[in-house]
J.: 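This is the structure I have questions about; it appears just below.
Numbers here simply count residues along the sequence, with the first being 1. All figures in this text were calculated on a predicted structure; none of them were measured in a lab. Keep in mind that the numbers below use all heavy atoms, side chains included, and drop hydrogens, waters and symmetry copies.
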Amino acid sequence: MSSGTNRWVVDPGTGGLLRGTEPALLLGGQVHNSSSSSAASIRESFAHVRRMNGNTVLAPVSWALSEPEEGRFDFTLVDHMIEQARASGLRLVLLWFGAFKNAASTYAPRWVRTDENRFMRAVIESKQKGSAFHYRGVTPTPVLSVFSSDLREADAAAFEAFITQLAENDTDDVVALVQVENESGILMDSRDRNELAEKAWRDTVPADLVRAASVAPAGSPLSTLWVDAGRRDSGSWADVFGNSSAADEVFMAWAVATYVEELAARGRAIKPIPMYTNAWLGPQPGQDEPGQWPSGGPSSRVIDVWHTAAPSLAFVAPDIYVDDADPVMQTYAATQPFFVPESRLRAGELVRAVGTYRAMGWSGFGIDGANPDGQVAATFAYLVALETAIAAAQQTQRIAAVVVEGDETATAEVGSLQISARGLNSIVRNFLLDVGVQLPDEAVPVPDETLPGEPVPTPGEQRPFALMFAEEDDTVVIVGQGVKVDFRAGGAGRVEIDTVTELLITDGRIEDGRILNGDERLQVVPVDHVGAARVTLLQLP
C-alpha cells in the first residue's frame, strides 16, 4: 500500500511527463558524481544549474553515505538536496547509487564490501574475483554479484528507506523521477561465473522470458537467439538461447533487471514516483562483445528483456557520449517513453532529443562544470521559457528538430508543413558576395561548453541546429543557431513568409523583439549565438 502521494506521471499514451495534468519537460543536467556528498557542494552545484538556465538537476544518492552501518540510515543529504532544489525553483531527479554504479560497486557500504561470504563478489572468466576495471597501475574496484540474494535484500531495504524519506519529506513533489542503480552490468566477461551464477545458468529459463522471445519481432536479438536454439518452450539458458556471448548477455540482463525490479517495485509501493534505470551504451564501434560494455545492463540488444523483467520501471534510458547520437535516440525512443539522463554538452543533441524524438527531458553530464555563456545554457533559456508550448506540441506531434551536417540539407515536418534547413553562414556569405561584399572564409567562433579546468573539455556546437514547433497551423516558433529554413506546404498549396518576429528572453520570460524583414530575414535565427523567432506564414492556393 502506497503511503506517499505523487503528482509526476509518465503518460502511457504519449510517453510524455505530466505534473498533475500539465505536460512538463526536465531540462538541465547531472552534477558530478561527488557534488551531492556535502551540503556545501550541493548548494553550489544546484545554484550553477540555475546559472545554466535549467529547470532540473540530477544528483546521486550514495548507499554508502546513507547507511554507514547496517540498519542505521542517514538521509540528511537527501533532505538537503530537496530543500536546495525547492529554494532554487528546480525539479530534482535522484539517482540511487546502490550496489551498482558504472558496472562496479564502489558506492556499496563498507559493511557490505568487507563481508564477501554474505555478499558474494562477481567472478569473470579468469576465475579471479572482483574487478570491472583492470587498468595497469590502478587499484581494482569491487564488483558485487547480482546473484546474491543477501545483496538484493540489503540494497532493497536501503532503497525502501530512501523512498520512505521522500514520501515523508518531499510533500510538494520536488522529485520528478528516481533512477534505480546506475549503468549496471558486468565488464570484461559476458556473464558472472561465480557458483550462484553458474547454478542460475543451469536453472530453467523463466516462462515470461520465453513468452517474450516467442512474440519478439523477427530478426530482433532475443527472437534470433530463441529461433536459432530451436524455439524451445522450456529448458536451461543454454537450451533455450544457446551457448554464446549474446545468450550470456540475455541471461545477465534478466538477472540484473529482476534485481532492479525488486528495488523499484518495493519503492513504488511506498511512493508511486516514476522510476527508470540508465544504460552504458553497447554495442559501439570497435566494441561488439558484451563485457566490452556492461553485459546485462539495458543495452540496445536487451531492451525487451528489461521491459519483461522490470515492469515497475517506466522506461530504460541511454547515456549518450557517442558522436553519432541519432541512431541511439531512435532505438531507445522507438518502443518506450524517452529520456536522456546523461549526455555530452551538445546543443544540437539537446534539440534533437526534444524535437525529433519528443524526449520528456535531457540532461548534460557535469552540469556544475558547464559554461553559463555556452550554447546549451542559451538553448535551455528558450526551451524552459517555452516549456508549456513545446510539451503541448510534443503531445500533438507538431514539433521537429534539425541538425545540419556539413553542406547537407536537413528536412523535417511540422504539422502539415515541410521544412528544409541549411547552414546559414555559407548562404549569407554567398548572398553578400553577390552584392559585392566578401567575408573571411572561416567558422563562426563559439564558446566552449565547459569551464576551464573540467577533466573533459567540450567544444561548442559547430553544426547549425534548430528546434521548430507549430503554435498554430500558420505559425512556427524556431529556436536555434546558424540555420536557414524554408517552408513548403504538404499538399498542393503554397506558403510564403508573412511576418518574422524576433523572440527575446527577459527574466526567464519570452518577449517580442524586432519585426524582421528585408535582408535580415535571411537570419531568422542568428549565426553567432542561439536565438529564436516566431514565423507566421501566408497560405496560398
J.: For Thr14, does its backbone N or O pair with a side-chain atom of Gln395 as donor and acceptor, under 3.5 Å?
T.: no
J.: Arg91 side chain to Leu26 main-chain N or O, any donor-acceptor pair under 3.5 Å?
T.: no
J.: Under the side-chain contact (heavy atoms from CB on, under 4.5 Å) criterion, do Trp63 and Phe100 qualify, and how do the steps go?
T.: CA-CA 10 Å; Trp63 182 14; Phe100 303 105; over 6 Å; no
J.: Applying side-chain contact (heavy atoms from CB on, under 4.5 Å), run through Gln394 and Val354 and close with a yes or a no.
T.: CA-CA 8 Å; Gln394 286 181 328; Val354 174; 3.6 Å; yes
J.: Between Ile124 and Val143, is any pair of side-chain heavy atoms under 4.5 Å apart?
T.: no
J.: Without swapping roles, check the side chain of Gln481 against the backbone of Val527 for a donor-acceptor pair under 3.5 Å.
T.: yes
J.: CD of Glu83 to NE2 of His80: how many Å apart, nearest 0.5 Å?
T.: 7.0 Å
J.: Start with the C-alpha gap between Leu77 and Val61, add the side-chain angles, then the distance that decides, and say whether side-chain contact (heavy atoms from CB on, under 4.5 Å) holds.
T.: CA-CA 8 Å; Leu77 291 171; Val61 178; over 6 Å; no
J.: Assess whether a salt bridge exists between Asp512 and Arg534, defined as any Lys/Arg side-chain N lying under 4.0 Å from an Asp/Glu carboxylate O.
T.: yes
J.: Is the shortest heavy-atom distance from the side chain of Glu183 to the side chain of Asn102 under 4.5 Å?
T.: yes
J.: Using salt bridge (Lys or Arg N to Asp or Glu O under 4.0 Å) as the criterion, point out the one residue from Arg7, Arg86, Arg19 that pairs with Asp172.
T.: Arg86
J.: For residues 458-468, dump all side-chain donor-acceptor pairs below 3.5 Å to protein atoms at least two apart in sequence or in another chain.
T.:
| residue | atom | partner | partner atom | Å |
| --- | --- | --- | --- | --- |
| Thr458 | OG1 | Val456 | O | 3.4 |
| Glu461 | OE1 | Gly348 | N | 3.1 |
| Glu461 | OE1 | Arg463 | NH2 | 3.0 |
| Glu461 | OE2 | Arg463 | N | 3.4 |
| Glu461 | OE2 | Arg463 | NE | 2.8 |
| Arg463 | NH1 | Glu349 | OE2 | 3.3 |
| Arg463 | NH1 | Glu405 | OE2 | 2.9 |
| Arg463 | NH2 | Glu349 | OE2 | 2.8 |

J.: Should Asn33 and Lys101 be marked as a side-chain contact (heavy atoms from CB on, under 4.5 Å) after you check the CA-CA gap, both sets of side-chain angles, and the distance that decides it?
T.: CA-CA 10 Å; Asn33 290 327; Lys101 196 274 182 191; 3.0 Å; yes
J.: Which atoms form the tightest heavy-atom contact between Ser299 and Glu249, and what is the distance?
T.: OG-OE2, 2.7 Å
J.: We want to know whether Asn371 and Asp448 form a side-chain donor-acceptor pair, criterion being a heavy-atom distance below 3.5 angstrom.
T.: no
J.: Enter the distance from Asn55:CG to Leu90:CG here, rounded to the nearest 0.5 Å.
T.: 7.5 Å
J.: State, yes or no, whether a side-chain contact exists between Glu471 and Phe469 at a heavy-atom distance under 4.5 Å.
T.: yes
J.: Taking 4.0 angstrom as the limit, do Lys271 and Asp173 come out as a salt bridge?
T.: yes
J.: Look up atom CD in Glu22 and atom CD in Glu387, then write down how far apart they are to the nearest 0.5 Å.
T.: 10.0 Å
J.: For the residue pair Asn6 and Pro274, establish whether any side-chain heavy-atom pair is separated by less than 4.5 Å.
T.: yes
J.: In Å and rounded to the nearest 0.5 Å, what is the OG1 to CZ distance from Thr56 to Phe380?
T.: 8.5 Å
J.: Between Asn182 and Tyr107, is there a side-chain donor-acceptor contact under 3.5 Å, judged purely by atom types and distance?
T.: no
J.: Kindly compute the distance separating CG (Leu92) from CG (Leu58), expressed to the nearest 0.5 Å.
T.: 8.0 Å
J.: Are Trp8 and Leu177 close enough that some pair of their side-chain heavy atoms sits under 4.5 Å apart?
T.: no
J.: Between the main-chain N or O of Ser145 and the side-chain N or O of Asp192, is there a donor-acceptor pair closer than 3.5 Å?
T.: no
J.: In terms of side-chain heavy atoms, does Asp326 have a donor or acceptor partner in Tyr357 at a distance below 3.5 Å?
T.: yes
J.: Kindly assign one of parallel, tilted or perpendicular to the pair Phe162 and Phe159, based on the angle between their ring planes and the thresholds 30° and 60°.
T.: perpendicular
J.: Closest heavy-atom contact between Ala378 and Asn53?
T.: N-ND2, 4.4 Å
J.: Nearest heavy-atom pair of Val10 and Gly15: which atoms, and what distance?
T.: CG1-O, 4.3 Å
J.: Could you check if a side-chain atom of Leu25 sits within less than 4.5 angstrom of a side-chain atom of Leu383, using non-hydrogen atoms only?
T.: no
J.: Check whether Ser105 reaches the backbone of Leu144 with its side chain - one donor and one acceptor, N or O, closer than 3.5 Å.
T.: yes
J.: Would you find a donor on one side and an acceptor on the other, under 3.5 Å apart, between the side chain of Gln165 and the backbone of Asp79?
T.: no
J.: Under 3.5 Å, side chain of Asp155 to main-chain N/O of Gly98, donor-acceptor pair present?
T.: no
J.: Find out whether Tyr382 and Val351 are in side-chain contact, i.e. whether some heavy atom of one side chain is under 4.5 Å from a heavy atom of the other.
T.: no
J.: Roughly how far apart are Gln330 CD and Phe338 CZ, rounded to 0.5 Å?
T.: 10.5 Å
J.: Under a 3.5 Å cutoff, is there a donor and acceptor pairing between the side chains of Ser37 and Ser34?
T.: no
J.: Please give me the minimum heavy-atom distance between Gln375 and Ala347, naming the atom from each residue.
T.: CB-CB, 3.9 Å
J.: Under a 4.0 Å N-O cut-off, is there an ion pair linking Arg344 with Asp323?
T.: yes
J.: What's the shortest heavy-atom distance between Pro447 and Gly374, and which atoms?
T.: CG-CA, 3.9 Å
J.: With a 3.5 Å distance limit and no angle check, can you tell me whether Ser363 reaches the backbone of Gln30 through a side-chain donor-acceptor pair?
T.: yes
J.: Aromatic ring centroids of Phe315 and His307 under 6.0 Å?
T.: no
J.: Keeping the roles fixed (side chain from Thr450, backbone from Pro457), state whether a donor-acceptor pair exists under 3.5 Å.
T.: no
J.: Indicate yes or no for a side-chain donor-acceptor contact from Gln179 to the backbone of Leu95 under 3.5 Å, with no hydrogens or angles considered.
T.: no
J.: Specify the closest pair of heavy atoms between Met81 and Pro60, including all atoms of both residues, with the distance to one decimal.
T.: CE-O, 3.6 Å
J.: Is there a side-chain contact between Met275 and Trp96 (heavy atoms, below 4.5 Å)?
T.: no
